[in-house]
Amino acid sequence: MNRSEFLRLTSAGTAGFATQGLLAGWLFQAGTSSASAQITGSTLKPYLQTPRPDSMWITWWSNNGSDSFVDWGTEVDALGNLVTGTRLELGTGYHYHSAKVSGLQPSTLYYYKVRTATETSDVYRFKTPPATGTSTGRFRVLVIGDNQIISSERRWEKLINRARVKIEEKYGKPLEEAVDFILNVGDQVDVGTLNHYRNLHFEYGKAVTPNLASMTTVGNHETYGGDNNLSLYKDLFHYHELSYQGIVSPGGDAYYAYQLANVLFIHLNSESMPNAAEGVGAVQKQWTQDVITAAAADPSVEFIISLCHRPYQAEQYVGDISSWLRTEIMPILAQTEKHVLNIGAHHHLYARGQTRDWPMYHIISGATAWDQYWG
Ligand SMILES: [Fe+2]
Ligand SMILES: [Fe+2]
């Protein structure tokens with residue numbers, strides 16, 4: 001598979017990593033929810049993350065829940081398996097629950113609900129990713145960035161709900177059967193506070209996140225508002241356990257790589273960090289090199305997609321890019337033709353094309369919560 005074949009597949013929408021139709025079309029769809037979206041009265045709204053062919057992390061917030069349980073099974077009315085998770089009391093009224101469901105089969109639909117001692121969620125459904133290395137069928141991802149505005153307009157909620165409507169109309173299937181997972185490209189919040197994570201990122205996405213796993217990327221705004229070392233981010237997301245070919249990220253939750261099907265996803269961190277190993281610099285660069293070297297020799301990886309919040313270049317805010325990505329990381333990514341696409345955000349616009357200096361595609365997908373008058 002080379003880059004030309006990748007482009008044909010993407011344009012045709014018949015296989016491979018199809019994003020273009022999703023990215024181009026959903027903004028002007030009417031409606032805010034679909035028939036399969038489960039909107040009910042329960043206050044517990046699960047959030048799926050770190051999807052693997054054999055496991056899924058499930059997290060949720062409560063005001064004062066003292067236990068963390070997930071009941072799950074392959075039939076909606078037979079949730080006979082129980083996982084006991086953990087709870088972090090991150091602040092008064094901010095209890096964060098996490099549980100990892102293991103022993104799952106790839107490409108399989110599962111039903112589940114989450115519980116605390118006093119509350120029970122509705123029953124939701126998700127689908128596990130294909131077995132690692134799978135190169136047949138289709139693998140589809142919803143890409144969204146810069147969904148960071150918290151306001152009475154609830155823009156992130158409107159957009160993600162309309163994305164669901166568009167996807168289900170377009171593909172004629174429930175969301176979790178039509179798309180494999182969500183890639184968030186950074187600035188999930190405007191400031192890295194409990195209020196913004198719970199009441200923006202998790203709250204506004206609640207009609208989608210119980211069915212479709214999210215994988216976030218560190219943006220500059222996650223480091224604002226007092227969380228410059230991402231301590232809260234590290235509490236909320238369970239990416240540190242991911243590895244690729246035995247290569248573990250020295251940055252833990254701050255940057256990470258994982259293979260799903262025949263695609264390797266590399267989430268880079270374009271920010272400088274108090275702990276230099278977690279941000280831009282030599283340690284992350286060497287890790288990127290190690291990952292690329294392994295992937296180039298790995299026959300089960302046919303495509304590599306990288307994400308970096310600050311983009312390679314943009315036509316607006318020209319100087320506000322990641323020179324580290326452009327000068328130090330792009331030459332590494334380009335060492336193998338398997339690397340086909342880098343996804344950025346940060347600039348609150350949508351753009352796509354091929355880079356001038358490297359034979360790879362580049363998308364800026366950072367317009368989620370913002371007006372775009374021109375550009
Ligand atoms: Fe942003
Ligand atoms: Fe940003």
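Just so it is clear, the structure is predicted and the values come from calculations on it, not from any experiment. Remember, it's 1-based here, ligands and their atoms both numbered in the order they're listed.
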Next on the checklist: Taking the cut-offs as 6.0 angstrom to the six-membered ring centre and 45 degrees off its axis, would you call Arg138 and Tyr171 a cation-pi pair?
Outcome noted: no
Checklist entry - Do Phe69 and His97 have ring centroids that are under 6.0 Å from one another? => result no
Checklist entry - Is the distance between the ring centroids of Tyr317 and His346 less than 6.0 Å? => result no
Checklist entry - Does Asp146 bring an N, O or S atom to under 2.8 Å of the Fe ion (ligand 2)? => result no
Checklist entry - For the Fe ion (ligand 1), which N, O or S atom of Asp187 is at the shortest distance? => result OD2
Next on the checklist: Taking 2.8 Å as the cut-off, does Gln148 contribute an N, O or S atom near the Fe ion (ligand 2), distance below it?
Outcome noted: no
Item to check | Metal check, the Fe ion (ligand 2) vs His347 N/O/S, cut-off below 2.8 Å | outcome: no
Checklist entry - So does His348 have any N/O/S atom less than 2.8 Å away from the Fe ion (ligand 1)? => result yes
Checklist outcome for this item: When Leu44, Asp71, Val83, Thr120 are each screened for side-chain contact (heavy atoms from CB on, under 4.5 Å) with Val114, the one that passes is Leu44
Item to check | Tyr256 and Phe237 aromatic centres sub-6.0 Å | outcome: no
Checklist entry - Between Ala257 and Val291, what is the shortest heavy-atom contact and its length? => result CB-CG1, 4.3 Å
Next on the checklist: At less than 2.8 Å, would any N/O/S atom of His309, backbone or side chain, sit next to the Fe ion (ligand 2)?
Outcome noted: yes
Checklist entry - Looking from the Fe ion (ligand 2), what is the angle between OD1 on Asn220 and ND1 on His346, to the nearest 10°? => result 90°
